[in-house]
Amino acid sequence: GSMAAATALNSQQVANGFEGTLEGLDPRGKAAIAVYRHIRLSGSPGWTLVHQVGREEALAALKGSINTLMLAGLLMTVLALCVIALAAYRLTLPMRALARTARQIGKGDLSARALLPPNESREILTLAQAFNDMAGNIEQGHLTLESAVLERTLELAGERDRAQCYLDIARVMLIALDADGCIAMVNAAGAKLLGYQESTLIGMDWFDTFVPAKNRGHMRHVYGSFM
């Protein structure tokens, strides 16, 4: 044995085929590691091979391997995080498209629809189709409501025009007052008699404008009692 630790083994142990690793000091007094390996030979006790290396030298390679593994692990972790982030971004793309379409509809663009590529998953495409169907129903309902309101507005306008025509045919003054005593409607004969344009008379206070001041309060009170 070329190291102090080897002295712990006697020649008989070595001859009997000791195998293993021992730590001790080399002749220079530095920590070292010795590895014993026994090789059996026919017709003889065999050979014992001893390999000795300084501890720092042996651990340097191990430390280098550890550093390499740590660096590789760090790179793999970064790569895995990038892959996860990319996958998460890819998975949320359809949801963001649906959210954008919902915001457009909320702002009044009822024709907005969610457009997704056909290679999306079946579940996402089913969800998008249901969303678009709902948006289509909302748009159709809105159009139907607008059409009904427009139709009713035209009907009311026609009825108003016919009523005004009947009033204008009459040769006597016809006036309609609202609850506050303001002129709501007047025919052509009434406008001519009062000396104003029909558009000017609409909204004028009848009592303040055309009733003498001495009778104004009484007439307004009588009118209010009927209303």
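Sequence neighbours left out, the pairs with a member in residues 78-103 that pass salt bridge (Lys or Arg N to Asp or Glu O under 4.0 Å) are R90-E120. Applying the salt bridge (Lys or Arg N to Asp or Glu O under 4.0 Å) test to every pair with at least one member in residues 209-227, sequence neighbours left out, gives these pairs: D205-R220, D208-R220.
What you find for E198 and A191 is that their closest heavy atoms are CG-CB, 3.6 Å. Shown here for L110 and I105, the closest heavy-atom pair between the two residues is CD2-CG2, 3.8 Å.
Put simply, CG on L98 and CE on M95 are 5.0 Å apart, with the number rounded to the nearest 0.5 Å. Interatomic distance, L74 CG to L69 CG, rounded to the nearest 0.5 Å: 12.5 Å. Here the straight-line distance linking atom OG1 of T209 with atom CG of L194 works out to 9.5 Å at 0.5 Å rounding. Expressed to the nearest 0.5 Å, how far NZ of K192 lies from CE of M173 amounts to 14.0 Å.
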Expected list for residues 131-143: side-chain donor-acceptor pairs under 3.5 angstrom, two or more places apart:
unit_1	atom_1	unit_2	atom_2	d
N132	OD1	A114	N	2.8
N132	ND2	A114	O	3.1
N132	ND2	A128	O	3.4
D133	OD1	Q129	NE2	2.9
N137	ND2	D133	O	3.2
E139	OE1	R113	NH2	2.7
H142	NE2	E146	OE2	2.9

Which pairs would a plain distance check flag for residues 147-156, meaning a side-chain donor or acceptor within less than 3.5 Å of a matching protein atom at least two apart in sequence or in another chain?
unit_1	atom_1	unit_2	atom_2	d
R152	NH1	E155	OE1	3.0
T153	OG1	V149	O	2.7

Throw together a table of side-chain donor-acceptor distances under 3.5 angstrom for residues 175-183, partners on residues two or more places apart or in other chains.
unit_1	atom_1	unit_2	atom_2	d
D178	OD1	D180	N	3.0
D178	OD1	G181	N	3.1
D178	OD1	C182	N	2.8

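Residues passing the side chain to side chain donor-acceptor pair (under 3.5 Å) test with D109 are S111, sequence neighbours excluded.
Taking a 6.0 Å sphere around OH of Y223, one finds it holds more than 12 heavy atoms contributed by other residues, nucleotides or ligands.
L93 and I124 fall into different hydrophobic clusters, where Ile, Leu, Val, Met, Phe, Trp and Tyr side chains are chained together by heavy-atom contacts under 4.5 Å.
Using a 4.5 Å heavy-atom threshold, the side chains of Y89 and I84 count as separate. Within the 4.5 Å cutoff, the side chain of V222 has no heavy atoms near those of the M219 side chain.
For the pair T92 (side chain) and A88 (backbone), a donor-acceptor distance under 3.5 Å is present.
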- Task: Give the C-alpha distance, both sets of side-chain angles, the deciding distance and a yes or no for side chain to side chain contact (heavy atoms under 4.5 Å, CB included) between L201 and W206.
- Result: CA-CA 9 Å; L201 288 168; W206 170 260; over 6 Å; no

